[in-house]
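Reviewing the structure listed below.
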Amino acid sequence: MKIVVLHGSPRKGMNSDTLAEHLLRGLTEQGAHEVTHFYTNEMEIRPCQGCLGCATSPGHNCVVEDEMQQIYRAYREADLIVWATPMYWGYMTAQLKAVQDRMEALAWEGFEGKTFAVIITYRHHYQSTVGMFERIAPHFKIDLHTVICCTMDRETGKDLPISACVEELEQAYQLGRKLGKQ
Ligand SMILES: Cc1cc2nc3c(=O)[nH]c(=O)nc-3n(C[C@H](O)[C@H](O)[C@H](O)COP(=O)(O)O)c2cc1C
């Protein structure tokens, strides 16, 4: 299986990345997979310009030549896309949202028929982002799976280390195992 992991957090190796790691561990236990990581915070990706150049360009390619072109290529070939992001002010991070907006080019051709594993870490709410994926999944024939993890102790209001989220780490791992068997 070809897997693309889109890392939305600027905090490399922290909460959402750790859950993604567990998912990948479950996956790789089921066999060898080709995994490509994109740390969106480290990439030069311009926001979508709304030019709709992708509507008419050959192959519906985006006309903006930047590092998003790497993601287009990998996405088109991938079976599974892992979206790993914290919630920032009610949505996925700006880094990942920029990538999502640029996927307008794929919406013409190539976006559909994938499996998505959406991993979200949050303190208060995640519904807006999960709701978006649930809304688009039937239209694009996406097989959607989600792992949602609250990283705040509700009693004290303090952040928890991700290692305290035992159930969600296990859930991510088990989802990886399940997807790896498909
Ligand atoms: C700038 C900023 C904005 C945030 N906004 C939200 C939010 O709107 N809703 C929420 O539930 N958590 C919010 N959080 C909390 C993070 O989503 C949470 O701490 C998450 O576990 C961080 O994941 P990471 O370690 O992968 O970056 C915010 C954190 C930061 C730094």
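Along the sequence shown, residues carry numbers from 1. For the numbers below, each heavy atom of this structure counts, side chains included, while hydrogens, waters and symmetry mates do not. Ligands are counted one by one from 1 in listed order, and the atoms in each one are counted from 1 as well.
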query: Between Phe140 and Phe133, does the ring centre distance come in under 6.0 Å?
result: no
Members besides Leu27 in its Ile/Leu/Val/Met/Phe/Trp/Tyr cluster (side-chain heavy atoms under 4.5 Å): Met1, Ile3, Val5, Leu19, Leu23, Leu24, Val35, Leu80, Val82, Ile119, Val147, Ile162, Leu169, Leu175, Leu179
query: With hydrogens left out, which residues have an atom under 4.0 Å from ligand 1, given that only heavy atoms count?
result: Ser9, Arg11, Met14, Asn15, Ser16, Pro86, Met87, Tyr88, Trp89, Gly90, Thr121, Tyr122, Arg123, His124, His125, Thr151
message: With a 4.0 Å cut-off on N to O distance, would you call Asp17 and Lys12 a salt bridge?
response: no
message: Are more than 12 heavy atoms, taken from residues, nucleotides or ligands other than Glu170, located less than 6.0 Å from that residue's CD atom?
response: yes
field: Whether over 12 other heavy atoms sit under 6.0 Å from Glu44 CD
entry: no
message: Using side-chain heavy atoms (C-beta onward) and a distance below 4.5 Å, is Val99 in contact with Phe38?
response: no
